[in-house]
There are 2 protein chains.
Amino acid sequence: MSRILRIAGAQMGPNQKADSRKAILERMIALLEQAAGQGARLVVFPELPFTTFFPRWLIETTQELDTYFERELPGPNTAALFDRARELGVGMYVGYAELTPQGQRFNSAVTVGPDGTILGKYRKIHLPGTVEPRPGDRFQQLEKRYFEYGDMGFPAFRGPESWGRPVLGMLICNDRRWPEGWRVYGLQGVELMLIGYNSAAYDPMGGTTESAELRTFHSTLAVQANAYMNATWAVSVAKAGNEDGSGLIGGSVIVDPNGVVVAQATSLGDEVIVADVDFDACRQGKEKMFNFAAHRRPQWYRPIIDQVGAVPPP
Amino acid sequence: MSRILRIAGAQMGPNQKADSRKAILERMIALLEQAAGQGARLVVFPELPFTTFFPRWLIETTQELDTYFERELPGPNTAALFDRARELGVGMYVGYAELTPQGQRFNSAVTVGPDGTILGKYRKIHLPGTVEPRPGDRFQQLEKRYFEYGDMGFPAFRGPESWGRPVLGMLICNDRRWPEGWRVYGLQGVELMLIGYNSAAYDPMGGTTESAELRTFHSTLAVQANAYMNATWAVSVAKAGNEDGSGLIGGSVIVDPNGVVVAQATSLGDEVIVADVDFDACRQGKEKMFNFAAHRRPQWYRPIIDQVGAVPPP
C-alpha cells in the first residue's frame with residue numbers, strides 16, 4: 001500500500017463583500033482544477049472560503065447574517081465545487097459557516113474523500129475575538145458573537161485506502177496556535193493536519209506592534225513546531241490579501257514531520273502549492289523522540305485541564 | 001520598578017571525561033566573569049555542566065557513577081562558582097546531577113539570586129533514552145537508567161525585586177520539546193523560561209536521518225514556538241562540541257515572546273550570548289492572543305492527562 005499522497009493547498013485571494021457567491025465558487029473550482037492538473041489528490045481550502053471574512057463586520061440582522069451561512073453542505077451555493085471534486089476524484093478540506101437545523105452556528109470544516117464521502121467534520125474550538133464590538137474600531141473580530149464554541153472535540157479520522165489510510169485531523173485558523181488541540185490529535189496518531197485560516201495582517205485586537213511580516217512568521221512558526229512536536233505533516237492555507245480595506249496575511253505552507261516547510265505560497269492571491277506527503281515519514285518521530293507512551297508524564301500536566309486562565313505565583 | 005534585565009547564556013564547549021572537575025569549574029567561572037563584564041545579571045549554564053554528559057556511557061559501579069553527582073549544592077566541587085557569582089551580584093541557572101541524602105538521583109537545576117539565595121529548583125521530568133543499554137551502540141542515552149523522573153512538577157517562582165520580580169520557570173533539555181511543560185508554566189504566567197541542554201548531534205536512538213543541522217533546527221524551533229504560544233522570553237543554552245568522540249549540537253539562543261531569536265551562539269565552544277529582556281514585552285501576548293482565561297477550552301483537552309501513549313482510530 002503506497003502511503004505517499006500528493007496534496008495541495010489552495011490559497012485564495014480576497015473575497016470582497018460585493019463579490020457574488022457564484023464568482024467566488026468559480027475561483028475555487030479553478031483552483032481545484034489547477035491542483036488536480038498538478039496531480040494533487042487532496043486539496044485544502046481556507047477557513048470560511050465561500051464569502052468574505054464577515055466576522056470583521058457588525059451585522060445587525062439575522063437575515064443578513066444568514067447569507068454567510070450554509071444550511072447544508074453541499075448545498076445550493078456550494079454543490080458545483082463538490083460535484084467537480086467528485087468528477088476529478090479529488091478530496092477536499094473546506095471550511096464553512098454552519099447553520100444547523102436547530103439554529104446553532106459554528107465555524108466548521110469538513111474533509112471529503114475522492115468519492116464525495118464526508119470523511120470527517122470539525123467545529124472550531126478556539127474562537128478568537130469578542131462578543132461585543134469594540135467601540136470606534138473600523139474592523140471587528142466578532143467570531144465569539146456569531147459562532148458557538150465547537151462541541152465535537154478534536155476527532156481524528158482515517159483517509160481512504162487509496163490514500164494509504166492516513167490518520168487525519170482538522171483545525172481552523174486560531175486553533176493552530178494552541179498546542180492542546182494539536183496534542184489531542186497527536187494522541188490519536190495524526191499523520192496530516194489540515195488547517196484553513198483568515199488572519200488579519202495587523203493585530204485585530206488593537207495592538208500596534210504586529211506587522212504583517214511578524215504575523216506571518218507567527219502563523220508559520222506555530223504550524224512548524226506543532227507538526228514537529230507531534231511528528232505529523234501539516235498543511236495550513238490562507239485566505240489572503242485586501243478584503244474591503246482589511247488586510248489578511250498569506251503564507252500558506254505545507255510542513256513535514258520535522259517542522260520543515262516544504263512548500264510555501266509567495267503571493268497574497270489565488271495560488272496553489274503542492275507537495276508529496278509520505279505518511280511513513282512520521283514514523284521516526286512517533287517511534288523515537290515523540291514516543292508518547294515511553295516519554296510523556298501526564299501526572300504533571302493536570303493544570304492544563306484543571307485551570308483556564310493564568311495564575312501567577314504570589 | 002524597571003522590568004528590563006540583561007541576561008546571558010553561557011554556552012559551554014565539550015567537557016572531556018579526562019578533564020578535571022577543577023578545570024571545568026574554572027571555565028565556568030571565566031564564562032560567568034565574561035557575562036558579568038558585559039553587564040549580565042543572570043547567567044544561564046547548560047544541563048549537567050560540571051562534567052561530561054555521562055549518560056552516554058554504561059557505568060558499571062556506583063562508585064564511578066557517584067563521581068558525576070553532587071550530594072549538595074553548592075558543594076566541594078562547585079562552591080567556587082557560587083562564591084564568585086555572589087561576589088559579582090549575578091544570578092545563575094545551573095544544572096547538576098543531584099544525589100539526595102536518601103540516595104535518589106535526579107537530573108536537576110537550580111536558579112540562584114544575586115545574593116546566592118536558591119530561588120527555585122527543578123527536577124527534569126521528560127527523561128529521554130532507555131534503562132537498558134542498546135547492544136552494539138558505541139554511545140548510549142541512559143538517562144532513564146541513572147535518574148528518577150522529576151517529582152516536583154513545573155514550579156514557577158519569582159525573581160527578586162531588583163530584577164522586577166519576573167515569573168521564572170525552568171526546564172531541562174528534552175523538556176523543551178514537550179509543550180505540556182511549557183503550558184503548565186504558561187498557566188503560572190511565566191515571563192522567562194530558563195533551559196540548559198546537551199543534545200546529540202545525531203539521532204542518539206540510532207536513526208540515520210537527523211543531521212546536526214536538522215537537530216539544531218528542532219532545538220531552536222521548539223523554543224521559539226513554545227515561547228510565542230506562552231508569550232514568554234526563553235533562554236536555551238547548550239553544552240556543545242565533541243565530547244570524547246560524541247558530538248553535541250550548539251545553537252544556544254535567547255528568544256523573545258514573539259518567538260523571534262534575539263541572540264544566538266555561532267560556535268560549538270565556550271561562548272557568551274547576551275540580551276536585554278523586557279519582561280513587560282510579554283504583556284501584549286498574555287493579554288490578547290494568548291489571554292488564556294478568554295480563549296482556552298480545557299473541557300476538550302482531557303486526553304492530554306487521561307492518556308499517555310497514542311491510540312490511532314480504527
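In what follows, chains carry the letters A, B, and so on, assigned in the order in which the sequence lines appear, proteins first and then strands, with residues in each chain numbered from 1.
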Problem - Stepwise side-chain hydrogen bond (donor to acceptor under 3.5 Å, both in side chains) check, B:Ser246 with B:Tyr202 - result: CA-CA 9 Å; B:Ser246 179; B:Tyr202 53 87; 3.2 Å; yes
Completion exercise
Heaviest contributor of heavy-atom pairs below 4.5 Å to chain B, chosen from A:Lys144, A:His126, A:His218, is A:His218
Handout entry: Side chains of B:Ser199 and B:Arg176, donor plus acceptor under 3.5 Å
Key = yes
Problem - Contact origin within B:Val260 toward chain A - heavy atom pairs under 4.5 Å - result: both
Completion exercise
Most heavy-atom pairs under 4.5 Å with chain A, out of B:Pro179, B:Pro303, B:Gly259, belong to B:Pro179
Exercise for the section: Could you tell me which portion of A:Asn174 (side chain, backbone, both or neither) has an atom closer than 4.5 angstrom to a non-hydrogen atom of chain B? Expected result: side chain
Exercise for the section: Report yes or no: is the cationic atom of A:Arg297 (NZ for Lys, CZ for Arg) closer than 6.0 Å to the six-membered ring centre of B:Tyr149, at no more than 45° off its axis? Expected result: yes
Practice task
Measure distances from A:Phe290 to the heavy atoms of chain B and classify the residue's part below 4.5 Å as side chain, backbone, both or neither.
Solution key: both
Problem - Contact class of B:Tyr228 relative to chain A, heavy atoms under 4.5 angstrom - result: side chain
Exercise for the section: Select one option (side chain, backbone, both, neither) describing which atoms of B:Asn226 are under 4.5 Å from chain A's heavy atoms. Expected result: side chain
Handout entry: Test: B:Arg56 cationic atom under 6.0 Å from B:Phe53 six-membered ring centre, within 45° of axis
Key = no
Problem - Donor-acceptor pair, side chain of A:Glu191 and main chain of A:Thr232, under 3.5 angstrom - result: no
Fill in the blank from the handout: Okay, A:Leu214 and chain B: the region with an atom under 4.5 Å from a heavy atom over there is side chain
Exercise for the section: Give a yes-or-no answer on whether the side chains of A:Arg123 and A:Asn107 include a donor-acceptor pair shorter than 3.5 Å. Expected result: no
Practice task
Report the option among B:Trp182, B:Trp178, B:Phe154, B:Phe157 that has the most heavy-atom pairs separated by less than 4.5 Å from atoms of chain A.
Solution key: B:Trp178
Exercise for the section: Pick whichever of B:Gly189, B:Gly186, B:Ala293 has the most heavy-atom pairs under 4.5 Å with chain A. Expected result: B:Ala293
Practice task
Examine distances only and state if a side-chain atom of B:Gln188 and a backbone atom of B:Ala156 form a donor-acceptor pair shorter than 3.5 Å.
Solution key: yes
Handout entry: Cation-pi geometry met for A:Arg105 and A:Phe147 (6.0 Å, 45°)
Key = no
Handout entry: Heavy-atom pair count under 4.5 Å with chain B, highest-scoring of A:Val167, A:Ile125, A:Val311, A:Ile304
Key = A:Ile304
Handout entry: Heavy-atom pairs under 4.5 Å with chain A, option from B:Asn258, B:Asp306, B:Asn291, B:Val184 with the top count
Key = B:Asn258
Handout entry: Side-chain H-bond candidate by donor/acceptor type, B:Tyr197 with B:Asp175, under 3.5 Å
Key = no
Completion exercise
Max heavy-atom pairs within cutoff under 4.5 Å with chain A, candidates B:His295, B:Glu180, B:Gln299, B:Gln224, goes to B:Glu180
Exercise for the section: Against chain A, label B:Pro314 side chain, backbone, both or neither, depending on which of its atoms sit under 4.5 Å from a heavy atom there. Expected result: backbone
